[in-house]
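So the structure is just underneath, and the comments pick up after that.
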Amino acid sequence: MVVIGEREIQTLSAEVESLKNPQNLNASARLEELREENNKLKYRLNILKRGLQEEKTNCSHAMLNINQRLQEVFGEAIRAACPELDNPPLVVAPNQQAKFGDYQCNSAMAMAQMLKAKGMKINPREIAEKIIQNLPDNELVQKTEIAGPGFINIHLKRQFVSKLLSNLLVNGVKPPPLASKKKVVVDFSSPNIAKEMHVGHLRSTIIGESMCRLFEFLGYDVLRLNHVGDWGTQFGMLIAHLQDKFPNYLTVSPPISDLQAFYKESKKRFDEEEDFKKRAYQCVVRLQSKEPDFIKGWNLICDVSRQEFQKIYDCLDITIIERGESYYQDMMTKVVKEFEDKGFVQLDEGRKIVFVPGHSVPLTVVKSDGGYTYDTSDLAALHNRLFDEKADIIIYVTDSGQAMHFQLLYAAGQMIGWYNPQVTRVEHAGFGVVLGEDKKKFKTRSGDTVRLMDLLEEGLKRAMDKLKEKERDKVLTPEELTKAQRSVAFGCIKYADLSHNRINDYVFSFDKMLDDRGNTAAYLLYAFTRIRSIARLANIDEATLKKAAETTEVLLDHDKEWKLGKCILRFPEILQKVLDDLLLHTLCDYLYELATTFTEFYDSCYCIEKDRQTGEVVKVNMWRMLLCDATALIMAKCFDILGINPVDRM
């Protein structure tokens, strides 16, 4: 039905356009006849458009992006108001002050500037008037008003908002449909084999996981990749040390419980013992030649590291596929040859280098000893992701210090013709460093890098202290207490990171992140638990709420009901913004705004009314219970995208 309607709209639109052409209109009688025909066609066209939009809204189980829908409506009006402008600006945003309306269109002023450049001086308020006159019939705008120099304040229809809330309650939190399913590769975490994960890996791991969850929720096909450092000179050193310390390593798995200490021992020998150094280099050559005994030693070292990494990934609920530098070894020769064949390679003191336009620093693709570099493996990885994985979007989540390297990498990929940035999105999502409370790089008291596992264990200890301080150990079972402890500890660590703009450095403070006041996971988790308990206290089960969602209209007469309803429905707009700029703190800000807006609503609007003497529930305002449920649904989905696991009791 929707497809047929769209086809008919296209046909009618074409007819209307043809009637605008006066070339064949000879007689005035014929002209009048055609004008009448034109008006009838326009009328039919508007009815069809409105019906089609209503059908899309009603039959879709997905949430509607209200801002996007308003942009469609106002975009059409703007084009009709000023057909002489190419690509007129379209600016629609939520209104910052509720008394002026729900949304605002701020295009008229910029349009006046564009017209002025064409020699036409028109007051922005006049342009705003023309935009309003050309608004097509639609299902969501109640009224518009012009304010100031030409702002258009937009008031939404309450019944429209109520219907969208009912749709959310009946069908659950479903994202707007994708135009086409795209493949996304996210490269994140990326620790080094034989070294422990430290606080520096925390941000990449948390941010990358959350980005993956966002893309997955929106319907993309996501490949999560862990580009671990598992190849290179250091492995010759480690294997030589392994052979000396555990000569029977081929038959008995060596008990390397502390790989960090093992690495330091081998590095000390490499720096101080010339014979050992020579043997280490020979081991590298034999490893790269894939001799079975050396591959076995390499695998043993990698496996010990993987087990340690996995403990951290289990704590933080991270899902990731390992594809280290070794995965791309066999692809590097082809990549270098392709750059050579296309004339991009220059020789520089025995090295093979590649300059890219606009950059004075080259990429080194082959070292003077014939070995490959990080540049080579990153080029091979980019090629693999574009051509073998056929990715439409590739995101690299690493610290901002690597920004220049990735600029060079992407410029080289474009120069050789691997991808067009207008078609394929390849982006570096950089982030700042983690600082201690002294605003210096986060270190232990002795000046060492903070081990990530130590940090997580400290988080668990402090979360338990916080729960006991609130005497939760007296009301929760031991199992519930442990669940709450993990939820608070890991949720607070993640949220403290994600709620800051990732581009900036951020100060790591357990005291701040465990504070249950303000924009913290501790506050939000407690708020969520309280919202979920409202129905339980009123003895309303899920089946009753589900039935009410299908039969009860969500009333939005009170100002706080209206404010909460609109806030709930802004969720798709927020996701779209995060998708565009990959800044997850926007989602955290929204989650906090939703929680505080709910508190305002709950303080002003009775959801359940109790007898003052007995404390028994005497009245349930079911439409308000539905607003509680809708808030909880959106909060739960926000938590899920952020990788935070709330619990029923806390």
Side-chain angles (χ1 to χ4, degrees), residues 63 65 67 93-94 96 173 175 186 188 202-218 316-318 395 397 429-435 459 463 487-531 564 566-600 631-647 650:
M63 288 187 78
N65 184 329
N67 196 322
Q96 296 306 307
V173 187
V186 184
F188 69 105
L202 182 68
R203 299 207 74 183
S204 177
T205 305
I206 289 172
I207 294 166
E209 171 69 25
S210 191
M211 283 180 186
C212 292
R213 286 169 178 251
L214 172 68
F215 279 114
E216 283 162 353
F217 173 62
L218 293 172
L316 295 173
D317 199 12
I318 307 295
I395 310 291
V397 187
F431 53 81
V433 297
V434 182
L435 304 174
S487 173
V488 171
F490 303 142
C492 285
I493 289 169
K494 287 180 179 183
Y495 192 83
D497 191 317
L498 296 168
S499 60
H500 288 85
N501 185 327
R502 64 170 162 78
I503 294 163
N504 302 332
D505 298 343
Y506 94 97
V507 174
F508 190 98
S509 164
F510 274 122
D511 290 339
K512 280 182 185 169
M513 63 179 71
L514 287 164
D515 193 340
D516 52 17
R517 296 158 300 177
N519 188 6
T520 65
Y523 165 75
L524 292 164
L525 286 165
Y526 287 126
F528 180 72
T529 306
R530 281 198 302 275
I531 295 168
L564 179 60
K566 287 185 298 174
C567 188
I568 290 166
L569 295 176
R570 276 200 11 252
F571 183 55
E573 299 171 29
I574 298 298
L575 294 186
Q576 185 58 52
K577 186 178 183 314
V578 178
L579 189 68
D580 292 341
D581 60 22
L582 301 176
L583 295 172
L584 288 150
H585 70 275
T586 304
L587 182 60
C588 298
D589 290 346
Y590 166 74
L591 178 55
Y592 180 59
E593 183 191 340
L594 181 58
T596 52
T597 304
F598 177 84
T599 302
E600 285 178 31
T631 304
L633 283 171
I634 297 294
M635 284 187 78
K637 184 44 72 180
C638 289
F639 282 136
D640 185 47
I641 292 169
L642 297 169
I644 295 169
N645 299 316
V647 288
M650 187 174 281

Let's go through Phe215 and Leu579 carefully: what are the C-alpha distance in whole Å and the side-chain angles of both, what is the deciding distance for side chain to side chain contact (heavy atoms under 4.5 Å, CB included) to 0.1 Å, and is it a yes or a no? CA-CA 8 Å; Phe215 279 114; Leu579 189 68; 3.2 Å; yes
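- Shown here are the side-chain contact (heavy atoms from CB on, under 4.5 Å) partners of Lys637, two or more places apart in sequence or in another chain: Val173, Phe217, Phe571, Asp640, Ile641.
- Asn501 CG to Asp581 CG: the interatomic distance, rounded to the nearest 0.5 Å, is 8.5 Å.
- Salt bridge annotation for Glu573-Lys577: absent, with no cationic side-chain nitrogen under 4.0 angstrom from a carboxylate oxygen.
- When atom types are taken as modelled, the side chain of Lys494 and the backbone of Ile644 share no donor-acceptor pair closer than 3.5 angstrom.
- Counting only heavy atoms from C-beta outward, the side chains of Leu435 and Tyr506 never approach each other to under 4.5 Å.
- Scanning both residues, Val186 and Gly208, for their nearest heavy atoms gives CG1-O, 4.1 Å.
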The test is side chain to side chain contact (heavy atoms under 4.5 Å, CB included); show your working for Met63 and Ile634 and say whether it passes. CA-CA 11 Å; Met63 288 187 78; Ile634 297 294; 4.0 Å; yes
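- In terms of the side-chain hydrogen bond (donor to acceptor under 3.5 Å, both in side chains) criterion, residue partners of Arg570 (sequence neighbours excluded) are, by chain and number, Glu593.
- Considering CG of Asn504 and CZ of Phe431, their distance stands at 13.0 Å, rounded to 0.5 Å.
- Met513 and Cys492 make their closest contact through O-SG, 3.2 Å (heavy atoms, listed as atom of the first residue, atom of the second, distance).
- For the atom pair CG (Leu218) and CD (Gln576), the distance works out to 8.0 Å, reported to the nearest 0.5 Å.
- Residue Ile493 comes nearest to Gly459 through the heavy atom pair CD1-CA, 4.5 Å, listed as atom of the first residue, atom of the second, then distance.
- To the nearest 0.5 angstrom, Ser487 atom OG is 6.5 Å from Asn645 atom CG.
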Show every donor-acceptor pair shorter than 3.5 Å between a side-chain atom in residues 582-590 and any protein atom, with sequence neighbours excluded, or say none if there are none.
unit_1	atom_1	unit_2	atom_2	d
Thr586	OG1	Leu583	O	3.4
Tyr590	OH	Cys567	O	2.8
Tyr590	OH	Ile568	O	3.1

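- Taking all atoms of both residues into account, the shortest heavy-atom contact from Glu209 to Asp317 is OE2-O, 3.6 Å.
- Side-chain contact between Tyr592 and Ser499 is absent, with no heavy atoms from C-beta onward closer than 4.5 Å.
- Applying the side-chain hydrogen bond (donor to acceptor under 3.5 Å, both in side chains) criterion to Thr205, with sequence neighbours excluded, gives Ser189.
- The two residues Leu594 and Met635 have their closest heavy-atom pair at CD2-CG, 3.8 Å.
- When all heavy atoms are compared, the tightest approach of Arg502 to Gly430 is NH1-O, 2.7 Å.
- Using cut-offs of 30° and 60° on the angle between ring planes, the pair Phe508 and Phe510 is perpendicular.
- In this structure Arg203 satisfies the side-chain hydrogen bond (donor to acceptor under 3.5 Å, both in side chains) test together with Asp497, sequence neighbours excluded.
- Within the model, atoms CG of Leu514 and CG of Asp511 stand 7.5 Å from one another, a figure rounded to the nearest 0.5 Å.
- Atom-to-atom distance recorded for Leu569:CG and Asn65:CG is 10.5 Å, nearest 0.5 angstrom.
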Sequence neighbours excluded and cut-off under 3.5 Å, please list the side-chain donor-acceptor pairs for residues 519-527, or say none.
unit_1	atom_1	unit_2	atom_2	d
Asn519	OD1	Tyr495	OH	2.4
Thr520	OG1	Asp515	O	2.6
Thr520	OG1	Tyr523	N	3.1

